[in-house]
**Student:** 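There's a structure below that I have some questions on.
Start at 1 and go down the list; that is how both ligands and their atoms are numbered.
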Amino acid sequence: MNNRNAGIGMTSQRTRMRMIERLRDQGVKDEVVLNAMAEIPRHIFVDEALASRAYDDVALPIGFGQTISNPFTVARMVELARGGRTLHKVLEIGTGCGYQAAVLARVAREVYSMERLAGLLSKARVRLRELGMRNIKLKHGDGHAGLKDQGPFDAIVMAAAATHLPEMLADQLCEGGRLVLPLGTREQRLVLVERNAGGFTQSVLDEVKFVPLIAGVLA
Ligand code: SAH
């Protein structure tokens, strides 16, 4: 591990454990998710100037007008996506800085993550390589279409808000699979879509605030 990963002061293991205690207080119960977040050094995913705030309960800018979600939102989404199951294949839409992909890669065997902005994707790739995480495949592309060839997925997590349910993504869930997404424009809610033998069920959950899902890719 290099100095940045080793972490000193505000970025130490102790700071990370305080974040985990806060997540418990906020109602996160899934120990698998909490363990994953206790292990992933969140500070290396943000610019060094912001590293001291990496474990606070805030969203932070990651460049290109995008943000990394606050720790509670990441924990909540991954907990919902897992639904207490063992995950084999997971798809994330919106890699951003790669933090949530790293958390997912600790709770799933194989993670595919799509990002439309090549600039963010290449930075995420460097960080995930630094951490030696080999079970994440990053794809430059528009997440609206998902990754049909790699599916079906046990879980799909969207890190950007859609205006309507992307049916192409729901179709890439396996039976028993779960899709978690922020839905809406000015007012957004987390929505959980579950696929079962008879079709799909939808639960509308917490109020959230995400950057919008945007069509098309940028080199
Ligand atoms: N999970 C990320 C959060 C990133 S914010 C993290 O841990 O940092 C949401 C990301 O979704 C942004 O990087 C944005 O560029 C990306 N995005 C928006 N629309 C997209 C689309 N149609 N396909 C893929 N990525 C998209």
**Student:** Examine I214 against ligand 1 and note whether any of their N/O atoms are separated by less than 3.5 Å.
**Tutor:** yes
**Student:** Does any N or O of ligand 1 fall below 3.5 Å from an N or O anywhere on G94, backbone included?
**Tutor:** yes
**Student:** So, is Q100 polar-close to ligand 1, with some N/O to N/O distance under 3.5 Å?
**Tutor:** yes
**Student:** Can you sort out which atoms of ligand 1 are near D142, meaning under 4.0 Å from one of its heavy atoms?
**Tutor:** 21 (C), 22 (N), 23 (N)
**Student:** Geometry only, no angles: is T67 polar-contacting ligand 1 at N/O separations under 3.5 Å?
**Tutor:** no
**Student:** List ligand 1 atoms under 4.0 Å from M114, heavy atoms only on the residue side.
**Tutor:** 24 (C), 25 (N)
**Student:** Test of understanding: given a 4.0 Å heavy-atom threshold, classify the contact between P212 and ligand 1 as side chain, backbone, both, or neither.
**Tutor:** backbone
**Student:** Counting heavy atoms not belonging to E31, are there more than 12 under 6.0 Å from its CD?
**Tutor:** yes
**Student:** Which protein non-hydrogen atom lies closest to atom 25 (N) of ligand 1, naming both residue and atom, and how far is it?
**Tutor:** R116 N, 3.3 Å
**Student:** Only heavy atoms of V211, strictly under 4.0 Å: list the atoms of ligand 1 that pass.
**Tutor:** 5 (S), 9 (C)
**Student:** Do V58 and V103 sit in one hydrophobic cluster, given that two such residues count as connected whenever their side-chain heavy atoms are within less than 4.5 Å of each other, even indirectly?
**Tutor:** yes
**Student:** Examine the side chains of Q100 and E92 and answer whether a donor and an acceptor come within less than 3.5 Å of each other.
**Tutor:** yes
**Student:** Distance under 4.0 Å to a non-hydrogen atom of G143: what atoms of ligand 1 satisfy this?
**Tutor:** 21 (C), 22 (N), 23 (N), 24 (C)
**Student:** Would you say the side-chain atoms of R42 and Y99 include a donor-acceptor pair closer than 3.5 Å?
**Tutor:** no
**Student:** Report, in ascending order of atom number, the atoms of ligand 1 lying under 4.0 Å from any heavy atom of L117.
**Tutor:** 15 (O)
**Student:** If you measure every N or O of L120 against every N or O of ligand 1, does any of those distances drop under 3.5 Å?
**Tutor:** no
**Student:** Is it the case that more than 12 heavy atoms not belonging to K209 sit under 6.0 Å from its NZ atom?
**Tutor:** no
